[in-house]
Amino acid sequence: MPTNYISPISMDALSNLCGELNKNNSIKPNDFARYHVKRGLRNEDGTGVMAGLTRICSVEGYYILDGERVAKEGVLSYRGYDINQIIDNCVKENRFGFEEITWLILFGNLPTQDQLFSLQEVLAECRELPEDFIEDMVMKHASKDIMNKMARCILGLYSYDENPDDISVANVLRQSLQLIAQVPTIMSAAYQVKRRAFDGKTMYLHPIRKDQSTAEYILNQIRPNKEFTDEEAKLLDIMLMLHADHGGGNNSTFSTRVLTSSGTDTYSAIAAGFGSLKGPRHGGANISVAHMMNEIIENVPDPTDENQIKDYLAKILRKEAGDGLGLIYGMGHAVYTVSDPRAIILKNSAQKLAVEAGYEKEFITLQNIEKVSPGLIAEMKGEDNGICANVDLYSGLVYKILGIPEDLYTPLFASARIVGWCAHRLEELTSSKKIIRPAYKSVSKKRKYVAIEKR
Ligand code: COA
């Protein structure tokens with residue numbers, strides 16, 4: 001375990017510095033409206049500022065009628081195919097779908113059988129990391145946070161690439177395919193190292209198998225005994241399909257596109273996606289939901305009672321409980337208003353499996369959070385913006401049912417979203433060709449420099 005670095009900056013010094021910083025850094029809330037700033041890149045009605053065009057993915061949660069935003073059921077489609085249709089078809093044919101979705105998202109069409117085989121072969125061949133990478137990059141400087149370790153490993157891969165800075169389509173596609181295959185390997189190794197360094201548990205680094213789908217491969221690598229059922233692997237496969245992309249505007253994909261637009265290398269752009277996804281308002285919300293759910297179960301005598309849940313959620317919103325940020329995790333979305341199609345699919349899976357797995361209380365708690373939060377948030381904020389359960393509300397419970405540790409919730413999201421990040425990077429490189437550079441208005445008054453002895 002790395003020894004903690006003790007900062008030479010004392011608490012007293014820091015408190016003085018913070019006072020100095022706060023004195024000179026506030027911006028009057030009214031100024032945002034005065035200068036028509038699109039805070040969070042949102043228009044006044046909550047819709048997102050149009051920042052680009054994409055053929056990869058469509059996320060719909062409202063429509064505009066007579067200039068007004070009208071809420072509607074959420075729709076998610078990859079390259080024009082509704083996610084429900086893709087998943088239903090894979091379930092009906094009892095086959096894995098993540099690789100098919102990977103082809104679809106990257107190349108733009110559903111793959112033929114031969115194309116699918118060739119992609120599976122390429123991914124299998126690329127799962128292995130460069131020689132000594134695990135020893136040099138993963139095992140050294142262990143991190144409690146797997147996302148942090150993964151981001152560092154992605155940046156580290158730059159050093160092992162003979163042609164890292166070439167941003168031609170062929171080179172970026174090669175790097176993308178390698179990364180899509182390697183991210184699950186990095187995730188599993190980082191998790192095993194964390195177990196040993198921080199949890200005092202045995203580390204298992206199983207040999208890489210090339211005959212498995214991504215979902216099977218992940219379960220094979222993270223479980224000590226490498227055992228899992230086909231049903232478990234197919235459920236994880238659905239999770240990966242649901243998380244593979246979510247349009248160009250989600251925070252991590254947009255970050256990847258912003259970095260890509262500067263002409264930087266693939267590893268820098270993708271590492272940015274990891275940094276963003278880790279945040280609790282984005283992919284990190286799946287861990288925050290788990291913490292919130294546990295806290296509610298510990299503190300609410302009867303979580304089947306909607307009123308008791310409502311009272312506790314009100315405390316969370318008032319920042320008297322939870323992590324103090326006043327957010328009900330797993331609720332709300334920048335686009336979806338009435339429903340998030342991913343949450344519906346995950347809720348169905350969780351509902352089917354929760355009782356059998358002994359997690360009925362957890363399921364009922366989440367269901368009640370989903371039921372009472374929209375009204376409560378509207379009541380307490382004084383306006384109804386249309387808030388529904390998002391993908392993260394039930395995803396943690398599905399992982400729990402699969403016996404997957406909390407440490408891996410957001411990393412698994414990343415193992416799927418890497419497909420979207422790569423596709424959007426390629427699209428940015430081929431179609432946009434303009435550096436993303438919005439404006440910031442300075443609200444500082446001009447001042448004359450004062451010599452140091454006169455301050
Ligand atoms: N808990 C508490 N308040 C919430 C909320 C939530 N889950 N979701 C939205 N709100 C609040 C916002 O903070 C905002 O209040 P403000 O005007 O006082 O700042 C207001 O409701 C309007 O929000 P809206 O415009 O609908 O949402 P957004 O686009 O600003 O934020 C999220 C979207 C996802 C960041 C937000 O809903 C959130 O933080 N959710 C919890 C974290 C989460 O689950 N993230 C995963 C997303 S997939």
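In each ligand, atom 1 is the first atom listed, and ligand 1 is the first ligand listed.
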Inset, instruction - Pull out every atom of ligand 1 sitting under 4.0 Å from any heavy atom of Ile328, numbered as shown with elements. - result: 1 (N), 2 (C), 6 (C), 7 (N), 41 (C)
Inset, instruction - Among all protein heavy atoms, pick out the one at the shortest distance from atom 18 (O) of ligand 1; state its residue, atom name and that distance to 0.1 Å. - result: Lys381 NZ, 3.0 Å
Inset, instruction - May I ask you to check whether Tyr329 has an N/O atom sitting below 3.5 Å from an N/O atom of ligand 1? - result: no
Inset, instruction - Using a cut-off of 6.0 Å, state whether more than 12 heavy atoms not belonging to Arg318 lie near its atom CZ. - result: yes
Inset, instruction - Would you check whether Met331 has a nitrogen or oxygen atom less than 3.5 angstrom from a nitrogen or oxygen atom of ligand 1? - result: yes
Legend entry - Shortest reach to atom 43 (C) of ligand 1 by a heavy atom, considering only Ala285, Ser395, Ala334, Gly326: Ala285
Inset, instruction - Could you tell me if the ring centre of His246 sits under 6.0 Å from that of Tyr336? - result: yes
Legend entry - Lys371 NZ to Leu376 CG distance, which is reported to the nearest 0.5 Å: 14.5 Å
Legend entry - Geometric cation-pi criterion Arg127 and Tyr217, 6.0 Å radius, 45° cone: yes
Inset, instruction - Check ligand 1 against Leu317 and write out every atom of the ligand that is under 4.0 Å from a heavy-atom position of the residue. - result: 2 (C)
Inset, instruction - Could you list which atoms of ligand 1 come closer than 4.0 Å to a heavy atom of Gly332? - result: 34 (C), 37 (O)
Legend entry - Charged tip of Lys72 within 45° of Tyr62 ring normal and under 6.0 Å: no
Inset, instruction - Report yes or no: does Glu383 have a heavy atom closer than 4.0 Å to ligand 1? - result: no
Inset, instruction - Find the distance between CG (Asp311) and CD1 (Ile316) and round it off to the nearest 0.5 Å. - result: 11.5 Å
Inset, instruction - Just say parallel, tilted or perpendicular for the rings of Tyr267 and Tyr158, cut-offs at 30° and 60°. - result: perpendicular
Inset, instruction - Using a 4.0 Å heavy-atom cut-off, say whether His282 meets ligand 1 through its side chain, its backbone, both or neither. - result: backbone
Legend entry - Sub-4.0 Å protein heavy atom next to atom 32 (C) of ligand 1: no
Legend entry - Part of Asp392 with heavy atoms under 4.0 Å of ligand 1, whether side chain, backbone, both or neither: side chain
Legend entry - Pairing of Glu370 and Lys347 as salt bridge, 4.0 angstrom limit: yes
Legend entry - Ionic contact status for Lys234 with Glu216, cut-off 4.0 Å: no
Inset, instruction - For ligand 1, find out whether one of its N or O atoms is nearer than 3.5 Å to an N or O atom of Gly386. - result: no
Legend entry - Approximate separation, where rounding is to 0.5 Å, of Gln182 CD and Met150 CE: 11.5 Å
Legend entry - Heavy-atom closest contact (Val138 atom, Ala189 atom, distance): CG1-C, 3.7 Å
Inset, instruction - Provide, to 0.1 Å, the distance between atom 30 (O) of ligand 1 and the closest protein heavy atom, together with that atom's residue and name. - result: Arg42 NH1, 3.7 Å
Legend entry - Part of Leu393 with heavy atoms under 4.0 Å of ligand 1, whether side chain, backbone, both or neither: neither
Inset, instruction - Find all atoms of ligand 1 within a distance of less than 4.0 Å from any non-hydrogen atom belonging to Ile387, and give their numbers and elements. - result: 8 (N), 9 (C), 10 (N)
Inset, instruction - Just let me know how Ile377 lines up against ligand 1, side chain, backbone, both or neither, with a heavy-atom cut-off below 4.0 Å. - result: side chain
Legend entry - Element-labelled atoms of ligand 1 that are located less than 4.0 Å from some non-hydrogen atom of Arg281: 45 (N), 46 (C), 47 (C)
Inset, instruction - For ligand 1, find out whether one of its N or O atoms is nearer than 3.5 Å to an N or O atom of Asn390. - result: yes
Legend entry - Distance in Å, Phe96 CZ paired with Met241 CE, rounded so as to fall on 0.5 Å steps: 9.5 Å
Legend entry - Test item, Gly330 contacting ligand 1 (heavy atom, 4.0 angstrom): yes
Legend entry - atom 23 (O) of ligand 1 - nearest protein heavy atom and its distance: Asn385 ND2, 4.3 Å
